[in-house]
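Below is one structure; the comments refer to it alone.
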Amino acid sequence: MESEFQQEQKRVDSVIETISKQICKLEEETSRRRNELVNIRKHFWDEVKVNVDTFDDYLETIIGLRQEAQALSVSQSTHRHAAKRLSTLSRMQKAPYFGRIDFIEEGHSTQEQFYIGISSLMDDSGEDFLIYDWRAPISSVYYDYQPGPAQYATPGGVFQGILEKKWQYLIRGGVLQSMFDTSLTIGDEILQQVLGQGTDKHMHSIVATIQQEQNRIIRHDRGRLLIVHGAAGSGKTSAALQRIAYLLYKYRDRLSADQIILFSPNSMFNSYVSNVLPELGEENMQQVTFQEYLDHRLSKAFHVENPYEQLEYVLTATNTPSYKSRVASIRFKASPLFFEAIESYRKSLEVSGMCFKDVLFRGTPIVTAQQIAEWFYNNDTSLRFHNRLEKLKDWLMNKIKETQKAELTMPWVQEKIELLSNEEYHKARTYLAKKRGLYGESIADYEIELEELARLVVQQKLKPLRKRVRAYDFIDINGIYKQLFTDPLQINQWIEGETPAEWADICQATLEMLDDSKLFYEDATPFLLLQELIQGFQTNRSIKHILVDEAQDYSPFQFEFLKRLFPSARMTVLGDFNQAIFAHASEMVDFDILSSLYGQDETEVINMARSYRSTKPIIEFTRRLVPNGERIIPFERDGELPALTQLLDHAELHRCITSKVTALQSLGYNSIAIICKSAEESKRAYEALSNIDDIKLLKSGSLEYEQGVVVIPSYLSKGIEFEAVIIYDASEQVYGDDSLRRLFYTACTRAMHHLQLYSVGKPTPLLRNVLQESFVLA
């Protein structure tokens with residue numbers, strides 16, 4: 001075995017030498033390309049003769065500009081590709097590959113060895129592969145099969161054969177540290193080492209430790225919708241990001257990173273996952289939160305509550321008089337029933353109920369809202385709804401045209417002309433002369449007629465009004481949405497089902513918010529949906545793939561909205577209903593409701609039951625906190641039992657936490673989270689624990705995930721992992737209600753190696769099972 005190990009080390013050295021040679025060549029090439037770019041930019045205008053005296057001269061100038069711009073674009077692209085490859089090779093120089101398969105293809109008698117790494121590498125002749133990209137078709141054998149019969153699919157067909165052996169390598173800094181001949185999917189030795197390591201401020205690629213179930217997600221390539229329902233720590237987010245890298249590789253001729261969008265839970269999570277794709281030599285996709293999209297669409301008209309403000313209310317306002325009706329509002333407005341109500345209400349607007357705004361010019365109505373409504377409901381009623389609105393828009397544009405003619409002789413026009421500065425007059429003359437086809441010196445000789453100038457002045461004054469009419473700004477969406485709530489009884493005509501018992505209170509609270517130019521978070525998507533159903537959807541066909549993380553936090557409304565917003569996109573959604581902490585999802589246990597989004601034939605669900613993040617004792621503990629937790633399978637990784645310490649008061653709590661943090665740091669833990677129930681509790685904890693060196697408070701507005709000791713609300717910790725977790729106060733007073741079970745589970749499952757719970761007074765009843773079964777040191 002020793003001689004084989006030495007041979008493998010020689011191969012590693014040889015491959016690294018090849019990589020080093022290619023790096024030297026690429027460094028020279030990127031330097032040369034960079035100098036070319038600088039030179040092209042520096043002398044760009046020297047190569048273009050700008051002349052617009054005649055049409056032919058103008059055309060020649062445009063052609064010259066286009067040629068220079070094209071040369072610049074080609075040079076930029078070549079430099080970008082070379083720099084990208086250089087970055088990939090630099091990473092491969094330390095660990096060129098991580099696996100090998102010995103495969104005999106059907107019809108052949110000799111086995112071939114395929115080494116697998118983060119990117120392909122050819123030998124110096126450019127004829128043979130030294131390393132195969134982990135996304136290449138042959139590499140799927142490494143992830144999907146044990147030794148024995150195996151096959152892999154390529155664009156040219158399916159190739160079958162025998163997998164003789166499968167090797168794993170652990171290479172660090174160019175040195176082969178260990179190698180395993182394994183019959184497992186991925187040998188536990190390597191995975192144990194990777195999972196046993198610490199964490200840092202970024203998630204990393206998992207290509208060396210991809211499991212078979214994760215590989216199904218990565219290479220899935222059927223239908224419009226892939227749903228991944230996975231336990232906490234099952235690697236669903238990592239697998240989904242590798243999936244994006246795989247799709248970018250497989251469809252590199254027709255898919256680019258800017259055609260993919262990730263909807264993530266918060267900005268801090270965006271920072272946390274920002275490293276994965278660049279590690280694999282791919283550009284990062286677009287990343288956005290759904291709240292950012294809502295703000296983009298609605299913030300000009302409303303202050304929109306964000307989801308964490310909503311959740312903070314649910315967690316901290318339990319004793320307020322309006323609490324019960326607000327929670328009922330959140331649940332009902334996220335339901336399929338309310339979605340149907342919005343659709344039915346929109347259809348009813350074809351007969352009556354449309355609200356319009358006066359079309360004003362200089363403070364005076366050109367057409368009143370009542371006149372618009374009368375025209376809409378008395379003309380072209382046989383046409384489809386959107387065609388009727390188009391006709392109405394045309395009618396209003398004609399009214400503006402009539403106004404333009406009528407305003408030409410008004411005194412304000414003459415006053416405006418007299419007050420024109422020399423610069424404004426020159427601009428007007430240039431514009432009008434060019435409209436008549438005049439260029440160069442002939443512009444200066446052009447004499448403007450007074451009527452022509454008056455027409456231009458009125459036209460410019462009416463320009464913003466025309467723009468608003470084209471954008472359907474004459475429709476009063478706010479008023480139309482309000483009508484849903486003005487009479488609590490009328491909603492019954494639009495739904496087939498029961499409204500909440502608190503519906504009258506919900507209507508009143510919604511109207512008060514709308515009157516104050518505010519929107520509850522649960523109203524934001526229904527409001528936008530109604531607006532789009534009336535005005536037509538603002539679709540984005542350039543996006544080809546959507547990734548939705550923490551999908552259990554999204555309502556049916558939001559998924560329907562995303563589907564309509566991105567009609568050309570396929571969708572991958574990831575979630576875990578044991579972590580469904582928002583009020584609207586408290587009754588849901590799976591993604592069944594999503595199967596109707598694209599239909600059963602276009603939808604596939606992959607369940608991931610095995611959890612890798614935490615040690616076995618932590619998973620044995622956390623899975624007893626939730627119903628059906630026995631379905632969660634822990635990975636065999638030893639560790640200490642979670643601990644529960646009961647204390648008398650908060651002063652003792654803060655002394656214990658301070659001491660615990662010091663002890664954990666002495667054990668080498670770099671990421672320690674003190675997880676509180678809410679932002680309110682986090683703020684109090686942070687102030688009380690400010691004596692801990694470099695302690696940080698993470699809030700919903702935090703843009704970057706911080707290393708070290710952090711105090712964080714439970715709902716912000718979702719999707720992130722920490723080496724050690726301290727549950728600030730797991731008492732009955734804080735987590736007394738069963739509705740907080742999923743929130744408590746989410747907080748506890750953030751721990752990789754160490755979990756400590758403190759309780760001021762009696763512990764939460766959510767811990768009853770684990771205390772009885774001795775899965776926690778108490």
Output yes when a side-chain donor or acceptor of [X] lies under 3.5 Å from a complementary backbone atom of [Y], and no otherwise.
X      : Y      : value
Lys236 : Gly230 : yes
Ser14  : Lys10  : no
His108 : Gly161 : no
Gln286 : Asp258 : yes
Gln259 : Ser256 : yes
Arg637 : Arg613 : yes
Thr572 : Leu226 : no
Arg570 : Lys544 : no
Gln22  : Leu86  : no

Over all atoms of both residues, closest heavy-atom pair of [X] and [Y]:
X      : Y      : answer
Thr746 : Asn578 : OG1-O, 4.3 Å
Ile618 : Ser614 : CG2-CB, 3.6 Å
Asp133 : Ser120 : N-OG, 3.0 Å
Ile675 : Ser714 : CG2-CA, 3.6 Å
Ala232 : Arg750 : CB-NH2, 3.9 Å
Ser682 : Val711 : O-CG1, 3.5 Å

How are the rings of [X] and [Y] set relative to one another: parallel (under 30°), tilted (30 to 60°) or perpendicular (over 60°)?
X      : Y      : result
Tyr669 : His753 : parallel
Tyr612 : Phe635 : tilted
Phe159 : Tyr152 : parallel

With a 4.0 Å cut-off, would you call Glu630 and Arg623 a salt bridge?
-> no
Residues Asp576, Arg742: salt bridge by 4.0 Å N-O rule |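 So Asp576 does not pair with Arg742 through a salt bridge.
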Nearest-0.5 Å distance that lies between atom [atom1] in [X] and atom [atom2] in [Y]:
X      : Y      : atom1 : atom2 : result
Asp102 : Leu163 : CG    : CG    : 8.0 Å
Asp693 : Gln665 : CG    : CD    : 7.5 Å
Leu248 : Leu255 : CG    : CG    : 5.0 Å

4.5 Å side-chain heavy-atom contact, [X] and [Y]:
X      : Y      : value
Pro634 : Glu620 : yes
Phe722 : Ser717 : yes
Arg11  : Tyr97  : yes
Leu667 : His754 : no
Ile727 : Leu644 : no
Leu262 : Asn284 : no

Kindly indicate, with the supporting measurements, whether the criterion salt bridge (Lys or Arg N to Asp or Glu O under 4.0 Å) is fulfilled by Lys696 and Asp694.
-> CA-CA 6 Å; Lys696 303 175 187 76; Asp694 294 326; over 6 Å; no
Within residues 117-130 or reaching into it, pairs that qualify as salt bridge (Lys or Arg N to Asp or Glu O under 4.0 Å) - sequence neighbours excluded |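 Pairs touching residues 117-130 that pass the test: Lys21-Asp124.
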For the residue pair [Y] / [X], report whether a side-chain donor-acceptor contact shorter than 3.5 Å exists.
X      : Y      : value
Gln756 : Thr645 : yes
Arg219 : Ser140 : no
Gln6   : Glu8   : no
Ser119 : Arg91  : no

Apply the side-chain hydrogen bond (donor to acceptor under 3.5 Å, both in side chains) test between Arg100 and each candidate in Tyr132, Tyr169, Tyr142; give the one that qualifies.
-> Tyr169
